[in-house]
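In what follows, a structure is listed as structure tokens, so that the remarks can point back to it.
These numbers come from a predicted model, not from an experiment. A note on names: the letters A, B, ... follow the listed sequences, proteins ahead of strands, and every chain is numbered from 1.
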There are 2 protein chains.
Amino acid sequence: MGKQTNPPVCEIECVHADKVDELRPVVSALGGVGEFVTNLADDTRFKVLYALSQSELCVCDVAAVVGVTSAAASYHLRLLYRTGLVDYRRDGRLVYYRLADEALRPVLEAIRTYLSR
Amino acid sequence: MGKQTNPPVCEIECVHADKVDELRPVVSALGGVGEFVTNLADDTRFKVLYALSQSELCVCDVAAVVGVTSAAASYHLRLLYRTGLVDYRRDGRLVYYRLADEALRPVLEAIRTYLSR
DNA sequence: CAAATACTCAAGCGTCTGCTTGAGTGTATG
DNA sequence: CATACACTCAAGCAGACGCTTGAGTATTTG
């Protein structure tokens, strides 16, 4: 028989190995993308970030703007805080969240621009 | 009884209703974000897109650059094709993928800039 | 100090999704 | 025409993830 039905698909670089060799380091340098991109990934989280890029907001307001429960908003805000994308300050009973890094703004704007293309 | 342990958390806009009323329509106008952001979301898919923004590549090359099997690369490329982010051309046995929309490039660049901040 | 409020936390659920696997398609080659 | 190759497809699985729920914390208020 010797019927190799399914070889490992393609083990070597098929076409220009030069291009591959050139791009591979660049792309793997993007390694840390993970946390950041993953956070942008989610619909709700992107909306939260975009809202915060427009104005500092408390959890309830974020929930109202985005259209989820406060618990859900809190869940996402905590996630974003843990990955350093947002920061907060406490004022009495209220907790106000804001973008942690101004560098985020152009990214959000670039995406919004693309979306309204 | 009568112990309301867990009311729906916060049913009304707690703070500035004006801000909320202002932002809500803007944010829900982002509604269609879904497909696009979700596609950017994934680590692998972002790398694929970034690689394609640098050069047209066949599936095997994408796989080699990004570091996944050809089947996995094909899976992501098909996904990206179905949402209109990439396009392809066939040349003999090889299938070359490329960005479908130049408007994507600034978005990818904005993210990369942020990442190398 | 007790009650109310704004939020956080941890556990759990249902769902989604990235990747594998094995088969199938289209193209080139001997 | 048979074989090899590059890629696609569909099914399936394991792990991840969004959101809910109910309890817990910090702060204000009567």
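- Distances shorter than 4.0 Å separate none of the side-chain N or O atoms of B/Thr69 from OP1 or OP2 on C/dC19.
- Of the candidates D/dC19, D/dC7, C/dA6, D/dC19 carries the atom nearest the A/Thr44 side chain, counting heavy atoms from C-beta on.
- To the nearest angstrom, P of C/dG26 lies 17 Å from CG of B/Leu94.
- Residue A/Arg90 has no polar side-chain atom (N or O) positioned under 4.0 Å from OP1 or OP2 of C/dC7.
- Rounded to whole angstrom, the span from the NZ atom of A/Lys47 across to the P atom of D/dC19 amounts to 10 Å.
- Taking atom CG of residue A/Leu80 and atom P of nucleotide C/dT8, one finds them 12 Å apart after rounding to whole Å.
- With DNA chain C read from its 5' end, the first of the two nearest nucleotides for A/Val95 and B/Tyr75 is the one closest to A/Val95.
- Atom CG of A/Asp91 is separated from atom P of D/dA26 by 18 Å (rounded to the nearest Å).
- Taking atom CG on B/Leu77 and atom P on D/dC9, their separation rounds to 11 Å, with Å as the unit.
- Each of A/Gly92 and A/Ala72 was matched to the nucleotide of DNA chain D holding its nearest heavy atom; the match closer to the 5' end belongs to A/Ala72.
- Ring orientation note: the planes of B/Tyr88 and B/Tyr97 are tilted relative to one another, at an angle of 30° to 60°.
- Under the 3.5 Å distance criterion, the side-chain polar atoms of A/Arg98 are left unmatched by any main-chain donor or acceptor of A/Val86.
- The shortest distance between the side-chain N/O atoms of A/Ser70 and the OP1/OP2 oxygens of C/dA6 is not below 4.0 Å.
- Note on B/Tyr97: a side-chain N or O is less than 4.0 Å away from OP1 or OP2 of D/dT8.
- The shortest distance between the side-chain N/O atoms of A/His76 and the OP1/OP2 oxygens of D/dC17 is not below 4.0 Å.
- Taking 4.0 angstrom as the limit, B/Ser74 places a side-chain polar atom (N or O) nearer than this to OP1 or OP2 of D/dT8.
- For C/dG18, the OP1/OP2 oxygens have a side-chain nitrogen or oxygen of B/Arg45 closer than 4.0 Å.
- As a whole-Å value, the separation of A/Arg78 CZ from D/dT20 P is 14 Å.
- Classification of A/Glu22 and A/Lys19 as a salt-bridged pair fails, no side-chain N sitting under 4.0 Å from a carboxylate O.
- Side-chain nitrogen and oxygen atoms of B/Arg93 include none within less than 4.0 Å of the OP1 or OP2 phosphate oxygen of D/dC7.
- For the pair B/Arg112 and B/Glu109, the salt-bridge criterion is met [side-chain N within less than 4.0 Å of a carboxylate O].
- Checking D/dT20, D/dC9, D/dC7 against every side-chain atom of B/Arg82, the shortest atom distance belongs to D/dC9.
- Using a distance-only test at 3.5 Å, with no hydrogens or angles considered, no donor-acceptor pair links the side chain of B/Ser55 to the main chain of B/Leu52.
- The separation between A/Leu79 atom CG and C/dA10 atom P is 13 Å, rounded to whole Å.
- The distance between atom OH of A/Tyr88 and atom C1' of C/dC9, rounded to the nearest whole Å, is 13 Å.
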